[in-house]
Amino acid sequence: MKVRPYLNNLAPCNLFNDKIKKYIEYYGDDIFIVCKKYYETLRIFIPLIVVIAMLGILKLKLLLLSVIPLVLIAYLYPLLYVWSKAEEHKKVVNSEAPFIALIAYIDSLVDKGLNHTFKELSEIRELKVPRIEQNYLLKMTTYMNMSFAKALEKRALIHSGDLLGKLYNNYLAALSLGITIRDRLKDVLKELLNDLKDSYKSYVEKSAELTELEFSLFLLLPIVLIGFSFTFKVSLIELLSPLLFVPPIIFLISSIQPSAEYNLKYGKCIYSLAAIPIIFMVPRFDLEYKILASLSVLLVLSYYIYSQITLANELEKSLPVLLKEVSEYLKIGYTIQNAMPKVKLSSKRASKVLENLLKKPDSASTPSKLFNITFKLLFIIARTGSSSISLDELANSISEIIYNKNSLIRQLRLFDVFAILTPVMLWFTFSMFGKISTIAIPSVAIISAYSITSVLIFSKISRFTLLYFPSILLTSIVLAILSVLPPVFL
C-alpha cells in the first residue's frame with residue numbers, strides 16, 4: 001500500500017479543495033497562492049507549537065490546553081483563511097452594494113447597463129467589489145462564451161447571501177419580465193439602504209452580548225480567581241490568564257462589525273508599539289512607571305489616529321452640504337467641475353482638503369472612505385452627462401448612509417462609559433477581596449492590565465478602532481487617580 005498518495009489526500013489543500021475553491025470564487029483569489037501561504041505558515045506554527053508544549057511540560061501546565069487548538073488551527077489554516085476572507089469580503093460587498101445600485105440607477109437614466117456601471121466603478125480604488133465582479137464577468141463572457149445575462153445569473157447564485165445578490169436578482173428579473181430597469185433599480189436602492197440600516201441595528205444588539213462576555217471574562221473571572229486564593233495559591237500569571245481570550249474576542253468583534261468607513265494611515269508611528277515590551281523588560285524601573293510609559297506610547301499613537309478620525313467625521317458631515325450646493329449650481333447651468341470650487345464648507349479643515357483634492361481629483365485620498373468614494377462618484381456622474389436629478393439621488397443616498405452611521409455611533413456611546421468605569425469597578429472589587437485575602441496580590445498590575453484590555457475592546461466595539469484617544473486618555477487619568485489613593489490591598 002502506498003502511503004504517500006494517502007497522506008497527500010489528507011493534506012488540507014486537497015481534502016478541502018472544493019470548499020476552498022467555492023470561497024475563492026466569491027472573493028477572488030488563487031488556490032495555489034493560498035496553499036503556498038499555508039506551507040509558509042507551517043514553518044511558524046510547528047516551532048511555536050513545540051515551544052509551547054515544552055513550556056507547558058516544564059513550567060506552566062495551563063499552556064498545554066492551547067496545544068490542541070493550535071494544532072487544529074495549523075491543520076485547518078487554508079480553510080479558515082479563505083472562510084475569514086470570504087466573511088470579510090461579504091461585509092465589504094454589503095457596504096458597497098448601495099453605491100453600485102446608485103450608479104446603476106443613474107446609468108439607467110441614460111440607457112447604460114450594469115456592465116458599464118462596473119467598468120466605471122472599477123476605476124475607484126476605494127471600491128473593491130466592482131473590480132472583482134468586472135473581472136469575473138469579463139472572464140465568463142470573453143473566455144467562456146457566456147452571455148452577460150447568463151454570467152450575471154451565475155454571479156447572482158454565488159452572491160445569494162449578500163446585498164449584491166439582491167441587486168443582481170432584481171436586475172435579471174427586470175430583464176426577463178420586461179420591467180423598466182430604472183424603476184426597479186430605484187426600488188432596489190431603497191431596499192439596500194434599509195438592509196444596511198438593519199445590519200447596523202443587528203450589530204448594536206450583538207454588541208450588548210459581547211459586552212456581557214467582556215464583563216464575564218475580564219471582571220467576573222478575575223474575581224473568581226481571587227476567591228480561589230483563600231484555598232489555593234494563585235499566581236500572577238494565573239490571575240492574568242483570562243487575557244488569553246483577548247485575540248479571539250477582537251477577531252469575533254471584527255467578524256460581526258460592519259465594514260469600517262475609515263481610511264487610516266498609521267505610518268511609522270505604528271512601530272512605537274514595539275517600545276512597550278522593551279519597557280517591561282527594563283529591570284530597574286518600578287511597575288507603576290512601566291505602565292505609565294506604556295500608556296504614554298498608546299496615547300501618542302491613538303492621538304495620531306484620532307486626528308484622522310476627527311477629520312474623516314468633519315468631511316462626512318460636510319458631504320450633504322457639498323452635494324446640495326453642487327446640485328443647485330447644476331440647475332443654473334454650471335458643470336460639476338465648475339461648481340465644486342464655488343462651494344463653501346463650514347469646516348476649515350474640510351474646505352482645505354476639498355481645495356487640495358480639486359487640484360488632483362484623480363488621486364483623491366482622505367481618512368474618510370465615504371468622502372473619497374462620493375468625491376469620485378461626482379466625476380463619474382459628470383461623465384455620464386446626467387442632470388441634477390442624479391445628483392439629488394446621490395445626495396439623498398449619502399445623507400441616509402451618514403445618518404445611519406451616526407445613529408449607530410450614538411447607540412454605541414454607552415460602551416465608552418463602560419470602558420472608563422472598568423478600572424474603578426476593579427479597584428473597589430479588589431479592595432474588598434484584598435482585605436480578607438490571605439496572600440499579597442500585585443493590584444496595580446492586575447487593575448492596569450484589565451483596564452487597558454477593556455478600553456481597547458470597548459473602543460473596538462463602539463469606535464471601530466482599538467486605539468481611541470479620548471477613551472485611553474480618560475482611562476489613564478482614572479488609573480493615575482486610583483494610584484494616589486490609599487493602598488488597594490491592606
Side-chain angles (χ1 to χ4, degrees), residues 22 24-28 86 89-124 127-199 373 376-377 379-394 396-398 400-401:
K22 183 180 177 181
I24 284 175
E25 195 175 9
Y26 178 67
Y27 73 87
H89 185 68
K90 184 177 180 179
K91 293 193 296 181
V92 176
V93 168
N94 288 339
S95 67
E96 294 184 7
F99 297 108
I100 297 171
L102 173 63
I103 297 303
Y105 168 66
I106 292 173
D107 282 341
S108 71
L109 297 177
V110 290
D111 298 322
K112 293 180 180 179
L114 193 57
N115 54 342
H116 183 266
T117 299
F118 282 129
K119 186 178 179 180
E120 288 181 321
L121 293 179
S122 62
E123 298 173 6
I124 300 179
L127 294 176
K128 299 178 182 178
V129 178
R131 195 158 45 251
I132 294 172
E133 295 302 305
Q134 168 76 1
N135 290 336
Y136 271 113
L137 291 170
L138 186 63
K139 188 187 297 183
M140 286 188 281
T141 53
T142 305
Y143 300 107
M144 301 174 68
N145 294 321
M146 286 187 181
S147 65
F148 181 76
K150 195 70 178 177
L152 201 62
E153 188 177 333
K154 186 176 180 181
R155 294 303 295 173
L157 188 62
I158 292 171
H159 285 278
S160 58
D162 58 41
L163 299 185
L164 189 58
K166 179 179 285 190
L167 171 61
Y168 284 163
N169 288 326
N170 280 274
Y171 189 87
L172 290 167
L175 287 176
S176 62
L177 298 175
I179 304 171
T180 306
I181 291 178
R182 67 185 64 177
D183 293 336
R184 190 65 175 163
L185 286 174
K186 188 172 184 179
D187 293 336
V188 172
L189 177 59
K190 292 178 181 178
E191 289 178 23
L192 295 185
L193 289 172
N194 286 331
D195 288 339
L196 191 64
K197 184 179 179 180
D198 291 339
S199 71
I373 294 171
K376 293 175 182 178
L377 287 179
F379 289 93
I380 289 177
I381 293 173
R383 289 203 303 266
T384 62
S386 302
S387 64
S388 60
I389 297 174
S390 301
L391 206 59
D392 289 337
E393 288 292 340
L394 175 63
N396 292 335
S397 301
I398 296 300
E400 188 165 350
I401 290 172

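Every value quoted in this text rests on a predicted model; they were computed, and no experiment measured them.
- Contact check on Lys186 versus Glu393 returns a salt bridge, with a Lys/Arg side-chain nitrogen under 4.0 Å from an Asp/Glu carboxylate oxygen.
- Taking all atoms of both residues into account, the shortest heavy-atom contact from Pro130 to Ser122 is CB-N, 4.0 Å.
- With contacts defined as side-chain heavy-atom distances shorter than 4.5 Å, the pair Ile381/Glu120 does not qualify.
- Ala104 and Leu185 get closest at one heavy-atom pair: O-CD1, 3.5 Å.
- When all heavy atoms of Phe99 and Leu121 are compared, the closest pair comes out as O-CD1, 4.3 Å.
- Take Tyr26 and apply the ring-ring contact (aromatic ring centres under 6.0 Å, His included) test, not counting sequence neighbours, and it matches His89, His159.
- To the nearest 0.5 Å, atom CG of residue Asp198 and atom CD of residue Glu191 are 11.5 Å apart.
- Lys90 places a side-chain N or O within donor-acceptor distance of the main-chain N or O of Gly161, the cut-off being under 3.5 Å.
- In this structure, Arg155 forms a cation-pi arrangement with Tyr136, its terminal cationic atom sitting closer than 6.0 Å to the ring centre and no more than 45° off the ring axis.
- For Ser95 against Leu196, the heavy-atom pair with the smallest separation is CA-CD1, 4.5 Å.
- Interatomic distance, NZ of Lys22 versus CD1 of Ile158, reported as 9.5 Å (0.5 Å rounding).
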Exercise for review: Check step by step if side-chain contact (heavy atoms from CB on, under 4.5 Å) holds for Asn396 and Lys190.
Suggested key: CA-CA 10 Å; Asn396 292 335; Lys190 292 178 181 178; over 6 Å; no
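- Atom-to-atom distance recorded for Ile132:CD1 and Leu137:CG is 12.0 Å, nearest 0.5 angstrom.
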Under 3.5 Å, which donor-acceptor pairs link side chains of residues 143-151 to any protein atom two or more places apart or in another chain?
from: Ser147; atom 1: OG; to: Lys150; atom 2: N; distance (Å): 3.2

Please list, one pair per line, the donor and acceptor atoms closer than 3.5 Å that link side chains of residues 111-119 to other protein atoms, with sequence neighbours excluded.
from: Asp111; atom 1: OD1; to: Arg182; atom 2: NH2; distance (Å): 3.2
from: Thr117; atom 1: OG1; to: Asp107; atom 2: OD2; distance (Å): 2.8
from: Thr117; atom 1: OG1; to: Gly113; atom 2: O; distance (Å): 3.3

Exercise for review: With side-chain contact (heavy atoms from CB on, under 4.5 Å) as the test, would you mind laying out the steps for Glu123 and Phe379 before giving the verdict?
Suggested key: CA-CA 11 Å; Glu123 298 173 6; Phe379 289 93; over 6 Å; no
Point to revise | Step-by-step side-chain contact (heavy atoms from CB on, under 4.5 Å) determination, Leu127 to Ile100 | key: CA-CA 9 Å; Leu127 294 176; Ile100 297 171; 5.9 Å; no
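- Taking CD1 from Ile380 and NZ from Lys376, the interatomic distance works out to 9.5 Å, rounded to the nearest 0.5 Å.
- Judged purely by atom type and a 3.5 angstrom limit, Asn94 uses its side chain to pair as donor or acceptor with the backbone of Leu163.
- Distance check, rounded to the nearest 0.5 Å: CG of Leu172 to CG of Leu152 gives 4.5 Å.
- Across all non-hydrogen atoms, the minimal contact from Ser397 to Leu189 is OG-CD2, 3.6 Å.
- Glu96 contributes atom CD, which lies 9.5 Å from atom CG of Leu164 (distance to the nearest 0.5 angstrom).
- Judged by distance alone, with hydrogens and angles left aside, the side-chain atoms of Thr142 form no donor-acceptor pair with the main-chain N or O of Lys139 at under 3.5 Å.
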